[in-house]
Amino acid sequence: MIKVVHTIKEVRQEVENWRKEGKSVGFVPTMGYLHEGHQSLIANSVKDNDKTVVSVFVNPMQFGVGEDLESYPRDLEKDTKLCEETGADLIFNPEPEEMYAKGFCSFVDMNGLTKELCGKSRPIHFRGVCTVVSKLFNIVRPDKAYFGQKDAQQLAVIKRMVADLNIAVEVIGCPIIREEDGLAKSSRNTYLSAEERKAALILSKSIFAGKKMVEEGMRDSKELIKAMTDIINTEKLAKIDYVDVVDFETIEKCDKIQGETLVAIAVYIGKTRLIDNFIVDVK
Ligand code: AMP
């Protein structure tokens, strides 16, 4: 039976008990409202480790003013069921006050990797992500932690942070899980009206087309960006935040597609901001 705890002390106690029994621990940080994308990370952790901890925490620190902190969907009961069915052992669901006690004033920030893509339109986002993930790593102290390629910049940022700060955790990236029609699964898809849900398909459509162009030999970033932009702009309800080509490790813009390259997009469908991407390794 899965256990749901709300305090740092309880998580530490559980993990300490497992450690005494020599068990390995996997960790999946989430903001909840779990779907098959999250589930695939949990399943990977269950497969690789003796015990799996899932955190469900809508982290106020990574939301900017005017973003969707208040409206972010929540359903702990459903999340608990999904975690239990997938084989997780513990859910950590803290209140913001538990994570950020009175007087809190220490942060983990990053100079590189956060200037481009989502860092541009969400300037404080990655400081919030790095701070909360560091805290969660210190609380859970897992052997392995699982992140989705859906948030590719976040995955690169976390890998860099773990290397830079010598955090003793192995970061594992997992592939994007999509709806049958191609839309990348996201808790934010619930914001879409029926009409917007249809329009949102333009994201995966441009991603699949872009990937094909690279596979067929396109190497010029500008050309690729233009072609993908043109596809997205055929959809009336879509407003582009960015279409960009960056090095997957450094998240710096590159003119030519070579090595491990991240092609990422962020598009507003109505008021909802959606992201998608593909990663290619061009030798
Ligand atoms: P979130 O709850 O949106 O903060 O996401 C928690 C974790 O699940 C992150 O590592 C995400 O990258 C990952 N994730 C979210 N959606 C997907 C998806 N469609 N496929 C794979 N991983 C995902």
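Since the structure is predicted, the reported quantities are computational estimates derived from the model, not experimental observations. Note that ligands are numbered from 1 as they come in the structure, with each ligand's atoms numbered from 1 the same way. Nothing fancy with the numbering, it's 1 onward along the sequence.
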Which one of Cys174, Gly173, Gly148 has a non-hydrogen atom at the shortest distance from atom 22 (N) of ligand 1?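 It is Gly148 whose heavy atom sits nearest to atom 22 (N) of ligand 1.
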
Nearest heavy atom to atom 3 (O) of ligand 1 wins, so pick from Tyr72, Phe147, Tyr33.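 It is Tyr72 whose heavy atom sits nearest to atom 3 (O) of ligand 1.
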
Which part of [X] is near ligand 1, with near meaning a heavy atom under 4.0 Å away: side chain, backbone, both or neither?
| X | result |
| --- | --- |
| Ser187 | neither |
| Leu41 | side chain |
| Gln149 | neither |

Calculate, to the nearest 0.5 Å, the distance between atoms NZ and CD1 belonging to Lys150 and Ile177 respectively.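 That separation rounds to 11.5 Å.
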
Could you find the nearest protein heavy atom to [atom] and give me its residue, atom name and distance?
| atom | result |
| --- | --- |
| atom 20 (N) of ligand 1 | Ile177 N, 2.9 Å |
| atom 16 (N) of ligand 1 | His35 CE1, 3.3 Å |
| atom 4 (O) of ligand 1 | Met31 CG, 3.5 Å |
| atom 23 (C) of ligand 1 | Lys150 CB, 3.8 Å |
| atom 5 (O) of ligand 1 | His38 NE2, 3.4 Å |

Are any of the N/O atoms on Asp151, whether in the backbone or the side chain, positioned under 3.5 angstrom from an N/O atom of ligand 1?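 Yes, there is a polar N/O contact under 3.5 Å.
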
Between Tyr191 and Ile269, is any pair of side-chain heavy atoms under 4.5 Å apart?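 The answer is no, as the side chains (C-beta and beyond) never meet within the 4.5 Å cut-off.
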
Please tell me if the side chains of Ile251 and Leu262 come closer than 4.5 Å, counting only heavy atoms from C-beta onward.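 Side chain of Ile251 against side chain of Leu262, heavy atoms only: contact under 4.5 Å found.
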
Distance-only polar pair, side chains of Asn189 and Tyr33, donor-acceptor under 3.5 Å: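 The answer is no; no qualifying pair exists.
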
Parallel, tilted or perpendicular: which fits the ring planes of His35 and His38, with parallel below 30° and perpendicular above 60°?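 Because their plane-to-plane angle lies in the 30° to 60° range, the rings of His35 and His38 count as tilted.
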
In ligand 1, which numbered atoms sit nearer than 4.0 Å to a non-hydrogen atom of Pro175?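 So the atoms of ligand 1 that pass are 20 (N), 21 (C).
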
